[in-house]
Protein chains: 2
Amino acid sequence: MERHFEEELKDLSKELLLMGSLVEGMILKAVQALVSRDDKMAREVREDDLKVDQLQLKIDEMCLTFLALRQPTAVDLRTITSAMKIITDLERMGDQAVNISESAIQENKEAPLSPFPDLPKLAGAVQKMVRGSLDAFVNKNAESAKAVCQSDDNVDDLYHKIFKELLTLMKADIENVSRGLHLILVARNLERIGDHATNIAEDVIYLVEGKDVRHHVEKV
Amino acid sequence: MERHFEEELKDLSKELLLMGSLVEGMILKAVQALVSRDDKMAREVREDDLKVDQLQLKIDEMCLTFLALRQPTAVDLRTITSAMKIITDLERMGDQAVNISESAIQENKEAPLSPFPDLPKLAGAVQKMVRGSLDAFVNKNAESAKAVCQSDDNVDDLYHKIFKELLTLMKADIENVSRGLHLILVARNLERIGDHATNIAEDVIYLVEGKDVRHHVEKV
C-alpha cells in the first residue's frame, strides 16, 4: 500500500501541475490579448477555462476517493486536504483570467490608453508566483513557499504603481475615465491571482512545518 | 460511534454558523462605517477579522481530527471536506469586508459623493446570501442552496447598476473620479462576497444531490 500511495500521489501531482500550467497560460494570454488587441486570443482563455474546470472536478474526485479508500493520517491527510484547497484557488485564478479576457474584448473596441500601464510586468510576476507555489507544494519545500509569500509584496507594489498611474490619467482627462477604470480592474484581477498563489504557499508552509502562518503573513 | 459522529457534526455546525454570523456582521458594519462616516466602526471590522481567522484555524483542525480519527466515507466525508472549503470562503469574505472598512477610512477623509450609491442595499442582499448558503449547508437543503445561486443574479444586477451610476458621476466631473473609483471597488468587494456565497451554495448542492453544478451555474 505504501508504494501504491506514492504512485497515487504522483498522479495527483501531475494533474495538479497540468491544471497549474493551464492557469499560468491563461494569465499570460489574457494580458497579451489586451496588449496586442487580439480578440481571438481572449476567446481562447475562455476555452482554456473549461479545461481548468474539468480538471478541478477530476482532481477533487481523486482526492475524495483517496480519502475514502486509503484513509490517510498525519502529513498524508494534510497533503490531500491541501490539494483540495489548492485546486479551488487555481480554479478561481482561472476565473480571474477570464475576467481579464472579457475586459480585453471590451477595451479592444476603443482606442488604446496612452501611456499604457505595464500590465505584462505585473502578469509575469503573478505567473511566477503561481508556478512557485505549485512547485513548492509538489516538492514540499517550505523555503520556496516563503519566497512566494515574499514576492507578493512586489506584486502589491506593482499594482499600486499601476493604480496610481491610471488614476492620474483618469483625472487628467475625462476621456480616459472609462478605459482607465477597466484597466484598474484588470490590474486588480492580477493582484488577486497573486493573493491566491500566496494562499497556496501558506498552505504549503503549514503542510511542511505544521506551523500555521496563514494569519501571520497576511497581516504583515 | 454513530451518535458521537452526530454530536461532533453538531459542534462543527455551531462553530461554522458562529463564523458565518461574524462575517455577516462585518459586511454590514463595513458598509455602515462608510455610509455613516464612522471610523471607529470601520476599525471594529478589523478586530472581528482576527476572530474570524482564529475560527477558521479552529474549524480546520476540527475537520482534520475528524477525518483522521473517524475516517468517514460517502456523504459524511463530503460533509467534512465541504466544511473545509466553506471556511476558506468565509475567511475570504472577511478579508473583503476588511478591504471595505479600509476604503471607508479613506473615503471618510473626503466630502461624500452625491448622490451616494445604494451600497447598503447591495450589502444587505449579499449578507442574505451568506446566511442562506450556511443555513443550506447545516440543514443539507439543496433547494435553499439553489435559491442562493439564483439571488446572485440580483446581486450582479445591483452591482452593475451602481457601477454605471458611479461611472456616470466620474465622467461628469473630474472631482468625482477618485471617490467614485473607490466606491466602485467597494461595490466589487461586495459582489465578490456574493460569489463566495454562491461557491458555498454550489458545494451544498453537490453534497446533497451528488451532482456537480459548480461549472454549470457559474457559466449561465
Side-chain angles (χ1 to χ4, degrees), chain A residues 46 49-50 52-54 56-57 60-61 63-65 67-74 76-78 80-82 84-85 87-89 91-92 95-96 98 163 166-178 180-182 184-185 188-189 192 195-196 199 203 206 212 214-216 218-219, chain B residues 46 49-50 52-54 56-57 60-61 63-65 67-74 76-78 80-82 84-85 87-89 91-92 95-96 98 163 166-178 180-182 184-185 188-189 192 195-196 199 203 206 212 214-216 218-219:
Chain A
R46 184 165 270 283
D49 194 46
L50 298 177
V52 165
D53 289 350
Q54 289 309 313
Q56 185 198 11
L57 301 184
D60 209 38
E61 279 302 324
C63 290
L64 281 168
T65 306
L67 287 176
L69 298 184
R70 303 253 164 244
Q71 308 190 324
T73 55
D76 296 339
L77 171 60
R78 283 178 199 264
I80 302 301
T81 56
S82 296
M84 294 180 89
K85 286 182 186 170
I87 54 173
T88 306
D89 278 303
E91 191 269 335
R92 297 198 186 154
D95 289 344
Q96 300 280 346
V98 170
F163 185 98
L166 288 169
L167 186 56
T168 305
L169 282 178
M170 288 160 78
K171 281 176 166 174
D173 184 351
I174 225 98
E175 284 297 311
N176 293 335
V177 166
S178 178
L181 172 59
H182 285 106
I184 283 179
L185 295 178
R188 200 165 169 100
N189 285 324
R192 291 206 63 83
D195 287 342
H196 283 294
N199 290 330
D203 274 341
Y206 183 41
D212 210 310
R214 283 175 292 183
H215 301 302
H216 301 275
E218 277 174 15
K219 303 296 166 217
Chain B
R46 184 165 270 284
D49 193 45
L50 298 177
V52 165
D53 290 350
Q54 290 307 314
Q56 185 197 12
L57 301 183
D60 209 40
E61 279 301 324
C63 290
L64 281 168
T65 306
L67 287 175
L69 297 185
R70 304 251 165 246
Q71 307 189 325
T73 55
D76 297 339
L77 171 60
R78 283 179 199 263
I80 302 301
T81 56
S82 296
M84 293 180 90
K85 286 182 185 170
I87 54 173
T88 306
D89 279 303
E91 190 268 336
R92 295 195 189 157
D95 288 343
Q96 300 280 346
V98 170
F163 185 98
L166 288 169
L167 186 56
T168 305
L169 281 178
M170 288 161 78
K171 281 177 167 173
D173 185 351
I174 225 98
E175 284 296 310
N176 293 335
V177 166
S178 178
L181 172 59
H182 285 106
I184 282 180
L185 295 178
R188 201 165 168 101
N189 286 325
R192 291 207 63 82
D195 288 343
H196 282 295
N199 290 330
D203 274 341
Y206 183 41
D212 211 310
R214 283 175 292 183
H215 300 303
H216 300 275
E218 276 176 15
K219 304 296 163 212

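Computed over heavy atoms, backbone and side chain alike; hydrogens, waters and symmetry mates excluded. So you know, we letter chains A, B, ... as the sequences are listed, proteins then strands, and number each from 1. Given the structure is predicted, the values throughout are model-derived calculations rather than measurements.
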**Q.** Closest-packed option against chain B by number of heavy-atom pairs under 4.5 Å, given A/Gly180, A/Ser178, A/Pro72, A/Ala172
**A.** A/Ser178
Quick check for you: to the nearest 0.5 Å, what is the distance between [X] atom [atom1] and [Y] atom [atom2]?
| X | Y | atom1 | atom2 | answer |
| --- | --- | --- | --- | --- |
| A/Met170 | B/Lys171 | CE | NZ | 10.5 Å |
| A/Leu69 | B/Thr73 | CG | OG1 | 9.5 Å |
| A/Gln71 | B/Leu77 | CD | CG | 9.0 Å |
| A/Thr81 | B/Leu64 | OG1 | CG | 5.0 Å |

Q. Of B/Val177, B/Leu167, B/Leu166, which meets side chain to side chain contact (heavy atoms under 4.5 Å, CB included) against A/Leu181?
A. B/Leu167
Considering only heavy atoms from C-beta outward, does the side chain of [X] approach that of [Y] to under 4.5 Å?
| X | Y | value |
| --- | --- | --- |
| A/Arg92 | B/Asp195 | no |
| A/Leu185 | B/Leu185 | yes |
| B/Lys85 | A/Asp60 | yes |

(Q) Report which part of B/Thr88 has an atom under 4.5 Å of a heavy atom belonging to chain A: side chain, backbone, both, or neither. (A) side chain
Q: Go through the atoms of A/Asn176 and report whether side chain, backbone, both or neither lie under 4.5 Å from a heavy atom of chain B.
A: neither
